[in-house]
Amino acid sequence: MELNEAIELLKRAVKHTGTIDQKHIDLTVVPADQKPIFDEALKVAMSAIKAGSISRDDFNRRVRLDG
């Protein structure tokens with residue numbers, strides 16, 4: 001899986017936290033049969049961040065966790 005594909009998938013799992021105005025990635029909002037795909041997308045994204053291919057800030061912006 002490519003990083004851009006992983007980011008597009010993870011956008012679908014972004015959820016508002018609730019009482020505080022924050023967002024997070026919540027895999028409970030994805031269908032159970034698709035959870036392994038989202039797990040793989042998270043692994044790809046975190047590996048890219050650790051390798052320095054993308055900064056955490058850029059990842060958060062692209063996944064829409066920052067707004």
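In this text the structure is predicted, and so the values were computed from the model without any measurement.
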State whether Asp39 and Lys43 are salt-bridged, where the test is any N-O pair (Lys NZ or Arg NE/NH1/NH2 against Asp/Glu carboxylate O) under 4.0 Å.
no

In Å, rounded to the nearest 0.5 Å, how long is the span from [atom1] of [X] to [atom2] of [Y]?
X     : Y     : atom1 : atom2 : value
Asp66 : Asp58 : CG    : CG    : 9.5 Å
Glu2  : Asn4  : CD    : CG    : 7.5 Å
Lys15 : Leu27 : NZ    : CG    : 11.0 Å
Phe59 : Leu3  : CZ    : CG    : 8.0 Å

Over all atoms of both residues, closest heavy-atom pair of Ile54 and Arg62:
CD1-NH1, 3.8 Å

State, to 0.1 Å, how close Ala41 and Ala6 come at their nearest heavy-atom pair, and which atoms those are.
O-CB, 3.6 Å

State, with a plain yes or no, whether a side-chain heavy atom of [X] is found less than 4.5 Å away from one of [Y].
X     : Y     : value
Val44 : Ile7  : no
Gln34 : Leu9  : no
Lys11 : Arg64 : yes
Arg61 : Asp57 : no
Ile25 : Phe38 : no

Tell me every residue that passes side-chain contact (heavy atoms from CB on, under 4.5 Å) with Ser47, counting only those two or more places apart in sequence or in another chain.
none

I need the single residue from Thr17, Asn60, Val14 that forms a side chain to side chain contact (heavy atoms under 4.5 Å, CB included) with Lys23. Which is it?
Val14

